[in-house]
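Read through the structure below, which is laid out as structure tokens, and then see the notes.
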Amino acid sequence: MLKRFIIFAIIIFACRLTTVAQQNTDIAGTVQTDSVIEKMLQLDEVVVTGTRTVKRLSETPVLTTLIREREIREAASVSTLESLQDNIPGIVSSPNAMGNNMRIRGLNSRYVLFLIDGERLVSEGAGGNVNLDQIDVSNVRRIEMVNGASSALYGSNAVGAVINIITKDPVYKLETNVSQSVESNNTLRTRVDVGSAQDKFLTKAGVFRHSSDGFGNDGNGAYAARYEDYGANLKLGYNPSKQSDINIISRYFGHETFNPSNSMNVRHSLTQNLTLGANGGITTPDNGNSLRISANYDKYFDYYVMEKKNNERDLRNTVSYFSARAVDTYIPVEKWEFVGGAEFNHEENYATTTLGAVPTTKRLDDINGFAQAQYSWIENLDMIGGIRYTYNTQFGSALTPKFSIMYDINGFKFRGGLGSSFRAPSIKELYYDFDHQGMFWVYGNPELKPEKGLYTSLSAEYTKKSFNISISGYYNSISNKITQYDVITTQGANEKYYKNVSSATLKGVDICLSYNLLSQFLLRANYSYCDATDNSTGLQLESNVKHSETISVTWNGKVLQSPFSLLFAGRLHSPKLYQQMVSDANGVSQAEFTQSKSYSIWKAALVKPFLLKKHAFELTLKAENIFNFRESSFIDPGRQYLAGIRYNFKQ
């Protein structure tokens with residue numbers, strides 16, 4: 001019944017809407033005229049990730065991918081991961097119990113740094129997995145992604161990319177949002193949040209709950225367990241003056257997966273994340289100097305729930321991450337900008353079995369100092385240079401410099417960058433010591449060295465009125481790559497170890513195009529080519545996708561004096577590659593090649609707001625994976641349908 005209603009509603013809108021507005025109104029009632037082309041093409045948007053300072057997207061020397069709240073809403077995205085997949089080619093995800101298990105252009109989550117409002121998210125395993133569902137996508141203001149090496153600004157893990165998820169702050173005296181959606185497989189999503197910004201105080205609180213029956217319980221094809229997600233967030237802000245602010249934030253997230261009804265298991269998994277943070281800043285009256293100080297604590301809990309013991313919780317392990325930072329920005333004259341700071345990070349992992357036969361706690365600390373200078377040498381030429389020094393208690397010192405340049409002339413922007421990066425071995429890679437359910441032993445290696453990367457990029461961007469296109473090429477060389485390998489003992493037992501045995505080279509081209517047609521249709525297309533080679537074998541890195549595209553057409557218009565948006569979008573990928581060296585009984589190695597199907601996943605989404613003074617209702621209808629692509633290597637339920645309603649009040 002749900003799918004028939006959604007298909008019927010989308011078709012009726014697509015066929016009957018013949019009058020399209022020359023202006024578009026969002027749910028808050030803000031009017032955007034078609035003359036504001038830069039805003040439609042994002043060029044006037046503010047970004048912070050690539051430089052740690054506020055820059056317009058069109059003015060930053062570091063090429064940045066930006067996903068705005070408006071695009072998330074128009075695409076009816078139900079998660080941060082879906083928003084990334086819709087807008088960034090080359091993302092492959094295979095969710096598991098420890099997170100989204102995401103790969104970007106051949107590199108897994110270990111090489112991607114995930115931030116929320118500039119603060120590092122704690123990873124949940126040796127693979128660096130992060131569960132992005134802990135961030136309610138309805139609370140996201142924008143997502144910024146910077147490709148390549150960014151360790152000069154952010155330290156470890158910023159090897160392949162940095163993804164910064166920036167959340168919303170209230171701007172009205174009273175804001176209320178309530179939303180409810182229902183999706184295939186009895187998937188329900190509910191969210192309520194309230195915010196206030198008045199005088200010197202800012203307050204925002206929200207709660208959400210998601211649940212689903214999962215899919216694939218029949219044993220055929222991909223499978224996802226029944227689950228429940230629930231979370232809450234709170235932010236308190238105080239502005240003593242126009243030049244100063246103090247903020248306290250907290251987040252909680254729980255993720256529980258359940259066994260199928262016919263399962264013999266007597267326990268299931270429950271994970272929880274808790275975040276506490278505080279930050280504040282002060283700026284001189286002339287805006288020439290500003291200082292920000294922050295502290296953030298993020299902790300992850302992993303439990304077994306014992307179903308036959310009144311659902312008693314058995315703690316398996318915890319991961320905690322504490323970071324404290326001070327950053328000063330100084331602008332002595334118009335052409336110069338300096339950023340400098342110091343940072344301390346503490347990581348701690350407690351495990352009952354995976355770090356040894358008895359419960360054990362392992363720790364890692366690092367101390368950092370970093371500096372950056374931006375100089376506008378001549379008109380339309382900007383240069384940024386920076387360096388970070390890191391002392392890590394496990395491996396010692398690391399020095400990571402970077403340099404970026406941008407030249408702007410007659411609608412063209414040329415950017416170039418050279419930077420180094422590193423990834424410190426995780427606690428689990430260093431100290432693993434456990435028997436994996438009697439199948440094999442896993443051992444860490446305390447002698448592991450940090451992986452090091454050298455990233456080079458060149459790009460050209462052209463903008464004219466409602467048209468924007470960019471092309472960029474990159475070369476990323478990673479040495480001391482940490483690899484897990486197997487050893488068969490004389491007794492026939494399988495043991496797995498970690499060591500620095502290989503290097504990898506990633507090279508590719510990205511092309512991005514956007515065009516505002518007739519002030520009514522926004523066309524976007526992104527293409528990515530990535531050759532990700534393991535230099536020790538000459539094979540592609542596991543699950544790499546060489547060719548990938550994202551395409552979308554969004555129709556923003558008006559019918560009966562009321563706005564709407566209608567989107568049709570697709571993700572297209574060449575086959576996922578699985579290549580490895582396999583040894584026979586005589587120790588002779590040969591390459592083994594397998595791959596998935598090439599695939600494309602398409603969706604259609606209709607978003608229709610209804611405005612009544614300070615009250616707004618928004619109806620969302622979505623058909624996901626319209627052509628029902630199914631493949632055993634993808635955890636995808638096939639065609640899905642969603643209907644949702646959102647209520648918004650602002651005063």
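The shown structure was predicted, so the numbers you read here are calculated from the model rather than taken from an experiment. For the single chain, residues carry numbers from 1 onward in sequence order.
Contact detail for Met145 and Ala161: the closest heavy-atom pair is CE-CB, 3.9 Å. Looking at every heavy atom in both residues, Asn480 comes nearest to Asn500 through O-ND2, 2.6 Å. The nearest pair of heavy atoms linking Glu429 to Ser426 is OE1-N, 2.9 Å. Contact record, Leu506 with Cys530: CD2-SG, 4.3 Å, taken as the closest heavy-atom pair. Nearest heavy-atom pair across Leu399 and Ser420 is O-OG, 4.1 Å. For the pair Phe422 and Ala424, the tightest heavy-atom approach, listed with the atom from each and the gap, is CD1-N, 3.9 Å.
Annotation: cation-pi pair Arg423/Tyr111 present, NZ/CZ under 6.0 Å from the ring centroid and within 45° of its normal. Taking the ring axis of Phe629 as reference, the NZ or CZ atom of Arg571 does not stay both within 45° of it and closer than 6.0 Å to the ring centre. Annotation: cation-pi geometry satisfied between Lys499 and Tyr485 (NZ/CZ under 6.0 angstrom from ring centroid, within 45° of ring axis).
Between the OG atom of Ser543 and the CG atom of Leu107 there is a distance of 12.0 Å, given to the nearest 0.5 Å. For the atom pair CD1 (Ile67) and CD (Glu144), the distance works out to 10.0 Å, reported to the nearest 0.5 Å. Between the CG atom in Asn108 and the CE atom in Met102 there is a gap of 10.0 Å [rounded to 0.5 Å]. Interatomic distance, CG of Leu523 versus CG of Leu513, reported as 8.0 Å (0.5 Å rounding). A distance of 8.5 Å separates CZ in Phe114 from CG in Leu121, rounded to the nearest 0.5 Å. A distance of 6.0 Å separates CG of Asn139 from CG of Asp136, quoted to the nearest 0.5 Å.
The aromatic rings of Phe412 and Phe414 sit parallel to each other, their planes meeting at less than 30°, with 60° as the upper class boundary. The aromatic rings of Phe568 and Trp602 lie parallel to each other, their planes meeting at an angle below 30°, with 60° marking the opposite boundary. The aromatic rings of Phe467 and Tyr515 sit perpendicular, their planes meeting at an angle over 60°, well past the 30° parallel limit.
Inspection of the Asp133 and Ser79 side chains reveals no N or O donor paired with an N or O acceptor under 3.5 Å. A donor and an acceptor atom, one from each side chain of His547 and Tyr527, are located under 3.5 Å apart. Side-chain contact check for Glu451 and Ser479: no donor-acceptor pair (N or O, by modelled atom type) lies under 3.5 Å. In this model, a donor atom of one side chain and an acceptor atom of the other lie less than 3.5 Å apart for Asn468 and Glu461. One side chain, Thr483 or Ser502, offers a donor N or O that lies under 3.5 Å from an acceptor on the other. A donor and an acceptor atom, one from each side chain of Glu347 and Tyr321, are nowhere located under 3.5 Å apart. Side-chain polar atoms of Asn185 and Thr187 form no donor-acceptor pair below 3.5 angstrom. Side-chain atoms of Gln374 and Lys55 form a donor-acceptor pair, as typed in the model, at a separation below 3.5 Å. Between the side chains of Asn368 and Asp366, a donor-acceptor pair is found at a separation under 3.5 Å. Checked by atom type, the side-chain pair Asn345/Ser323 shows a donor-acceptor distance below 3.5 Å.
For the pair Leu113/Ser150, no side-chain contact is recorded, criterion being any heavy-atom separation below 4.5 Å from C-beta on. Side chains of Tyr474 and Asp510 form a contact here, defined as non-hydrogen atoms less than 4.5 Å apart. Side chains of Leu448 and Ile482 form a contact here, defined as non-hydrogen atoms less than 4.5 Å apart. A heavy-atom distance below 4.5 Å is not found between the side chains of Val47 and Arg56. Side-chain contact between Gln372 and Phe370 is absent, with no heavy-atom pair separated by less than 4.5 Å. For the pair Val545 and Leu577, the minimum side-chain heavy-atom distance is 4.5 Å or more. Side-chain contact between Ile165 and Leu132 is present, with heavy atoms from C-beta onward closer than 4.5 Å. Annotation: side chain of Arg251 is in contact with side chain of Ile116 (closest heavy-atom distance under 4.5 Å).
The number of heavy atoms from other shown groups lying within 6.0 Å of NZ (Lys449) does not exceed 12. More than 12 heavy atoms of other residues, nucleotides or ligands sit less than 6.0 Å from atom NZ of Lys481. In the displayed structure, Tyr475 atom OH is contacted under 6.0 Å by at most 12 heavy atoms of other residues, nucleotides or ligands.
The backbone N or O of Ile626 lies less than 3.5 Å from a partner atom in the side chain of Arg639, making a donor-acceptor pair. With Arg388 contributing its side chain and Ser151 its backbone, the two residues share a donor-acceptor pair below 3.5 Å. Of the possible donor and acceptor atoms, one in the side chain of Tyr154 sits under 3.5 Å from a partner among the backbone N and O of Thr49. The backbone N or O of Ala76 lies less than 3.5 Å from a partner atom in the side chain of Lys622, making a donor-acceptor pair. A donor-acceptor pair under 3.5 Å is absent between the side-chain atoms of Thr533 and the main chain of Asn535, judged by distance alone. For the pair Arg103 (side chain) and Ser109 (backbone), a donor-acceptor distance under 3.5 Å is absent. Looking only at distances, no side-chain donor or acceptor of Asn157 sits under 3.5 Å from a matching main-chain atom of Val112. Side-chain atoms of Ser548 come within 3.5 Å of backbone atoms of Gly90 as a donor-acceptor pair (strictly under, hydrogens ignored).
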message: Would Asn131 and Phe253 count as a side chain to side chain contact (heavy atoms under 4.5 Å, CB included) here? Give the steps.
response: CA-CA 10 Å; Asn131 193 336; Phe253 174 70; 3.8 Å; yes

- request: Apply the test salt bridge (Lys or Arg N to Asp or Glu O under 4.0 Å) to residues Asp531 and Lys546: give CA-CA distance (whole Å), side-chain angles for both, the deciding distance (0.1 Å), then the verdict.
  value: CA-CA 6 Å; Asp531 179 65; Lys546 279 196 170 185; 3.6 Å; yes

query: What do the steps show when you test Ile143 against Asn164 for side chain to side chain contact (heavy atoms under 4.5 Å, CB included), and what is the final call?
result: CA-CA 6 Å; Ile143 302 172; Asn164 192 6; over 6 Å; no

- prompt: Checking salt bridge (Lys or Arg N to Asp or Glu O under 4.0 Å) for the pair Arg70/Glu45: CA distance, chi angles, key distance, verdict?
  reply: CA-CA 12 Å; Arg70 178 191 183 92; Glu45 295 281 349; over 6 Å; no

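Screening Asn526, Asp86, Asn87 against Thr550 for a side chain to side chain donor-acceptor pair (under 3.5 Å) leaves a single residue, Asn526. Remark: of the listed residues Gln134, His210, His255, His255 is the sole one forming a side chain to side chain donor-acceptor pair (under 3.5 Å) with Asp229.
By the 4.0 Å N-to-carboxylate-O rule, Arg142 lies too far from Glu69 to be salt-bridged with it. Under 4.0 Å is where a charged nitrogen must lie from a carboxylate oxygen, and between Glu542 and Lys576 no such pair does.
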